[in-house]
Amino acid sequence: MAERNTTIAAVVLAAGQSRRMNSDVPKVLHPVLGQPLLAYPVHAARSVGASRIVVVVRAEHEAAVRDAFRDEDDVVTAVQAEARGTAHAVLAAREALAGFQGALLVLLGDAPCVSAGSLEALLAEHAERAAALSVLTGEVGEPRGYGRIVRGPDGDLAAIVEEKDAPAHVRAVREINSGVMALEAPAVWDVLARIQPSAASGELYLTDAIALTRAAGRRAHAVRAAGADEVLGVNDRAQLAQVTAVLRRRINHAHMLNGVTIVDPESTFIDARAVLEHDVRIEPFTVIEGESRVERGARVGPFARLRAARIGPGAVVGNFVEVVRTDVGAATKALHLSYLGDGALGPDVNVGAGTILANWDGARHHRTTIGAGASLGAGTVVVAPATVGAGARTGAGAVVVRGEVEAGATVVGVPARRLGPEGGER
Ligand code: UD1
Ligand code: CA
């Protein structure tokens, strides 16, 4: 990160009505690759050095947003009592930023694709040009719904015109406002307080700060984002899928550059927080969720699903295998059609086709431990809580019911049980 003398704070706007989502869940809390949509701009702001991040929310969403960021103490919330537009939303953060002097970065909670690199470039140019306001723009094929960038004869930023207010020749412009801005604090507060409601919508537009800044003889500057897809915003669920695809490709690409083989990135879904070491091989149609970790030389897929799992070095999780909150030891193999839930498998375990760790008794989850070198025959069901000792073996179709198989022992078949008339054991 470039050295800069300015302090940076961020405001992330997330108090809009989001009617177009038609959802009972706040738009910015819709999950995208294992994180709420809002986590992307929040983390981007943090990655460029924002020391304080204020998320502007609707009163009825405040508790849910706070809860989503409960472990991140640089994130605070501010309530915008009524959604009266983006300028009004930034003003809602004023109290939380009292006394702050420096560059105020504004991001949109519904625009998750903006990269740290583009934010860096925005902040750097903002400082170099001593601008009072700088906006990140992008060139898109289909500008519908976005504010259009209007440049003056000198090529400098003249205005941003919202689509609802734009005449036809301005609607034709394909350079659009990403919604991301750098603003000079504390001067910005007076500028925002002077913004008037739009004639078309009655909203207070943050984009109107440009005209006011220029009228005051101060510089407003526009910086193009490095990639066109960085400016994508989510207003509806089709756009939610669109940004998910962009972020997913980015994650896959980063893993590949780090030494992970992804046979078919287009059919591979890896959550933002998953960790993959080098020489991991991911076969097609694999889904890796949550804070999963796949260690060096492991192979996963095709058609595998990991959820908060750890796959040890050299292990293989094959086709149609689901691994949930389970630790799979080094060189352990589960090649076909298995469900491994809430388990800890030692190294060199062989898990036969169709094996199930039955972790749920209808009310609670229970854990299973499988020792080093154990071998589970095809179709074994282990009803947790259970322990299978090191080197133990089960025959095909064996059922281990809540208990312990000693190290080196062999279990075959289904234990005989008799049930009373009420289903109780006798
Ligand atoms: C906004 C920009 C537009 C830009 C686009 C990029 C303005 C006036 N328009 O339009 O130029 O091209 O984003 O995606 O800034 N919000 C609040 N409180 C409000 C209104 C909005 O917090 O009163 C939040 C929303 O939750 C959302 C963000 O601000 O996260 C943008 O609001 P939205 O209504 O989606 O604006 P757009 O029409 O997309
Ligand atoms: Ca939007």
Side-chain angles (χ1 to χ4, degrees), residues 10-21 23 25-30 36-42 44-45 54-62 65 77-94 96 106-114 133 135-140 142-150 157 159-166 170-171 173-181 183 192 195-212 222 225 228-240 242-243 246:
V11 177
V12 183
L13 307 186
Q17 312 212 32
S18 48
R19 281 198 206 88
R20 288 166 281 184
M21 289 294 282
S23 178
V25 177
K27 171 167 75 176
V28 293
L29 293 186
H30 276 252
L37 189 58
L38 182 57
Y40 292 88
V42 165
V54 183
V55 180
V56 178
V57 294
R58 303 169 77 75
E60 65 267 34
H61 296 159
E62 190 180 26
V65 170
T77 51
V79 170
Q80 184 189 14
E82 259 182 284
R84 292 181 52 207
T86 45
H88 185 254
V90 177
L91 278 169
R94 182 174 186 166
V106 174
L107 296 109
L108 306 185
D110 67 354
C113 298
V114 60
L133 177 161
V135 54
L136 189 69
T137 74
E139 187 94 24
V140 295
E142 170 54 81
R144 197 164 47 85
Y146 293 98
R148 309 298 202 276
I149 301 295
V150 178
L157 177 63
I160 296 175
V161 183
E162 290 307 305
E163 182 163 278
K164 297 173 201 137
D165 308 279
V170 172
R171 286 189 181 211
V173 172
R174 296 197 314 167
E175 187 183 6
I176 59 103
N177 171 25
S178 71
V180 176
M181 285 190 195
L183 301 153
L192 296 182
I195 288 176
Q196 296 299 311
S198 137
S201 66
E203 285 186 18
L204 301 167
Y205 292 159
L206 179 58
T207 44
D208 285 353
I210 293 159
L212 292 173
D229 54 19
E230 290 191 35
V231 301
L232 293 171
V234 175
N235 295 323
D236 57 37
R237 297 197 202 217
Q239 289 169 323
L240 185 67
Q242 199 184 3
V243 301
V246 168

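What you see is a predicted model; the values in this text were computed from it and never measured. One-based numbering, in listed order, for ligands and for the atoms of each.
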Visitor: Do the side chains of L136 and M181 get nearer than 4.5 Å, heavy atoms only?
Guide: no
Visitor: Could you check whether any side-chain heavy atom of I195 comes within less than 4.5 Å of a side-chain heavy atom of L212, counting everything from C-beta outward?
Guide: yes
Visitor: Hey, which residues fall under 4.0 Å of ligand 1 on heavy atoms?
Guide: L13, A14, A15, G16, Q80, A83, R84, G85, T86, A89, L108, G109, D110, Y146, G147, E162, N177, S178, Y205, T207, N235
Visitor: How close do G109 and L37 get, heavy atom to heavy atom, and via which atoms?
Guide: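 Taking G109 first and L37 second, the nearest heavy atoms are O-CG, 3.8 Å.
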Visitor: Do H61 and T77 make a side-chain contact, defined as non-hydrogen atoms from C-beta onward lying under 4.5 Å apart?
Guide: no
Visitor: Can you name the residues that form a salt bridge (charged side-chain N to carboxylate O under 4.0 Å, His left out) with D110, not counting sequence neighbours?
Guide: K27
Visitor: Which protein N, O or S atoms does the Ca ion (ligand 2) have within a distance shorter than 3.0 Å?
Guide: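 For the Ca ion (ligand 2), the protein N, O and S atoms that sit under 3.0 Å away are D110 OD2, N235 OD1.
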Visitor: Does E203 have any salt bridge (charged side-chain N to carboxylate O under 4.0 Å, His left out) partners at least two apart in sequence or in another chain, and if so, which?
Guide: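 Listed in chain order: nothing, the list is empty.
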Visitor: Heavy-atom distance under 4.5 Å between the side chains of V150 and V173, does that happen here?
Guide: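 No. Closest side-chain heavy atoms not under 4.5 Å.
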Visitor: Of all the heavy-atom pairs spanning R58 and A83, show the shortest one and how long it is.
Guide: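 Closest approach of R58 to A83, heavy atoms only: NH1-CB, 3.8 Å.
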Visitor: Is the closest side-chain heavy-atom distance between L232 and Q239 below 4.5 Å?
Guide: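 No. Closest side-chain heavy atoms not under 4.5 Å.
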